[in-house]
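Below is one structure, written out as structure tokens; the observations come after it.
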Amino acid sequence: MHSKFYKYDPAVDKKFLIAISGIIWSAVGIALCNLAAGWLSQTTTQTAALLGITGIILSLLVHHFGFLKLVDRNIERILSKEGKVCIFAFQPWKSYLIIVIMIGMGMALRHSSLPKPYLAVIYTGFGGALLLSSIRYHRIFFKLIRNPLISSKK
């Protein structure tokens with residue numbers, strides 16, 4: 001029965017799955033930073049600068065101590081697979097639950113009474129971290145394009 005549905009599996013070459021991962025992480029990071037920039041533009045220049053710098057510092061910390069490890073695990077997992085990989089495998093299946101929870105928390109925060117300029121710190125932190133961490137996906141993708149024999153090296 002499994003083989004009957006195999007022909008409908010949306011599988012791609014693993015280098016393109018890495019590219020898709022990088023594009024998605026970049027797009028979400030840009031979207032979050034864009035929301036944050038809009039909220040910061042509604043406050044004074046001094047407050048926006050202080051909150052923006054705080055968000056940037058948060059993004060560097062989240063990027064370095066959290067997301068890079070996750071990206072490395074995802075890249076290792078993708079490169080260790082044989083043949084083509086399901087397009088939805090850019091994240092492990094259990095991570096989709098975490099993504100749904102994070103989206104829900106983001107929506108709840110956006111609709112909360114928390115002042116948007118302060119919320120911008122969180123959005124800049126996570127958006128910037130996603131954007132910075134996506135660079136590793138892009139770098140690995142271009143390495144794979146230049147040297148297709150690379151299988152699990154970074």
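Keep in mind that this is a model prediction, so the values were computed, not measured. Computation of the quantities below employed the complete heavy-atom set of this structure, encompassing side-chain atoms and omitting hydrogens, waters and symmetry-equivalent molecules.
Under the 4.5 Å side-chain heavy-atom criterion for ILVMFWY residues, a single connected hydrophobic cluster contains both Leu109 and Ile103. Note: the hydrophobic cluster containing Leu70 also contains Ile78 (ILVMFWY, side chain heavy atoms under 4.5 Å, direct or indirect links). In the hydrophobic clustering of this structure, Ile30 does not group with Leu132; members are Ile, Leu, Val, Met, Phe, Trp, Tyr whose side-chain heavy atoms approach within less than 4.5 Å, directly or through other members. In terms of hydrophobic clustering, with Ile, Leu, Val, Met, Phe, Trp and Tyr side chains grouped at heavy-atom distances under 4.5 Å, Leu119 and Ile57 are assigned to different clusters. At a threshold of 4.5 Å between side-chain heavy atoms, the hydrophobic network of Ile, Leu, Val, Met, Phe, Trp and Tyr places Ile75 and Val28 in one connected group.
In this pair, Phe16 and Phe141 present their aromatic rings tilted. The plane angle is within the 30 to 60° band.
Judged by distance alone, the side chains of Tyr137 and Asn74 do bring a donor and an acceptor atom under 3.5 Å apart.
Counting heavy atoms from C-beta outward, Leu144 and Lys14 have side chains that stay 4.5 Å or more apart. Between Trp25 and Leu131, the closest side-chain pair of non-hydrogen atoms is not below 4.5 Å. Using a 4.5 Å cut-off on side-chain heavy atoms (C-beta onward), Ile18 and Leu79 make contact.
Nearest heavy atom pair, residue Gly127 against residue Cys33, reads C-SG, 3.6 Å. Closest of all the heavy-atom pairs between Pro117 and Thr43 is CG-CB, 4.2 Å. Smallest separation of non-hydrogen atoms from Ser134 and Gly22: CB-O, 3.5 Å. Scanning all heavy atoms of the two residues, the minimum distance from Thr124 to Ser59 falls at O-CB, 3.6 Å. Contact detail for Thr44 and Thr47: the closest heavy-atom pair is OG1-OG1, 2.8 Å. Asp13 approaches Lys84 most closely through the heavy-atom pair N-CG, 4.2 Å.
By the neighbour-count criterion of 12 heavy atoms within 6.0 Å, atom OH of Tyr96 is densely surrounded, having more than that number from other residues, nucleotides or ligands.
Distance check: Phe126 CZ to Leu32 CG gives 9.5 Å after rounding to the nearest 0.5 Å. Taking CG from Leu130 and CD1 from Ile135, the interatomic distance works out to 11.5 Å, rounded to the nearest 0.5 Å.
A donor-acceptor contact shorter than 3.5 Å links the side chain of Ser133 to the backbone of Ala129. A distance-only check finds a donor-acceptor pair linking the side chain of Tyr123 to the backbone of Gly106 [under 3.5 Å]. Put simply, the side chain of Ser80 gets close to the backbone of Arg77: a donor and an acceptor are under 3.5 Å apart. A donor-acceptor pair under 3.5 Å is absent between the side-chain atoms of His64 and the main chain of Leu60, judged by distance alone.
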Candidate pair Arg136 and Phe67, rule side-chain contact (heavy atoms from CB on, under 4.5 Å), full reasoning:
CA-CA 10 Å; Arg136 178 140 319 158; Phe67 285 175; over 6 Å; no
Carefully, step by step, assess Ile23 and Ile20 under the rule side-chain contact (heavy atoms from CB on, under 4.5 Å).
CA-CA 5 Å; Ile23 291 166; Ile20 290 166; 5.6 Å; no
Can you list the steps and then say if Arg110 with Leu35 is a side-chain contact (heavy atoms from CB on, under 4.5 Å)?
CA-CA 10 Å; Arg110 270 197 318 273; Leu35 280 170; 4.3 Å; yes
Would you please test Thr54 and Leu58 for side-chain contact (heavy atoms from CB on, under 4.5 Å) and show each step?
CA-CA 6 Å; Thr54 304; Leu58 177 62; 5.8 Å; no
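Aromatic ring centroids of Tyr118 and Trp39 lie 6.0 Å or more apart.
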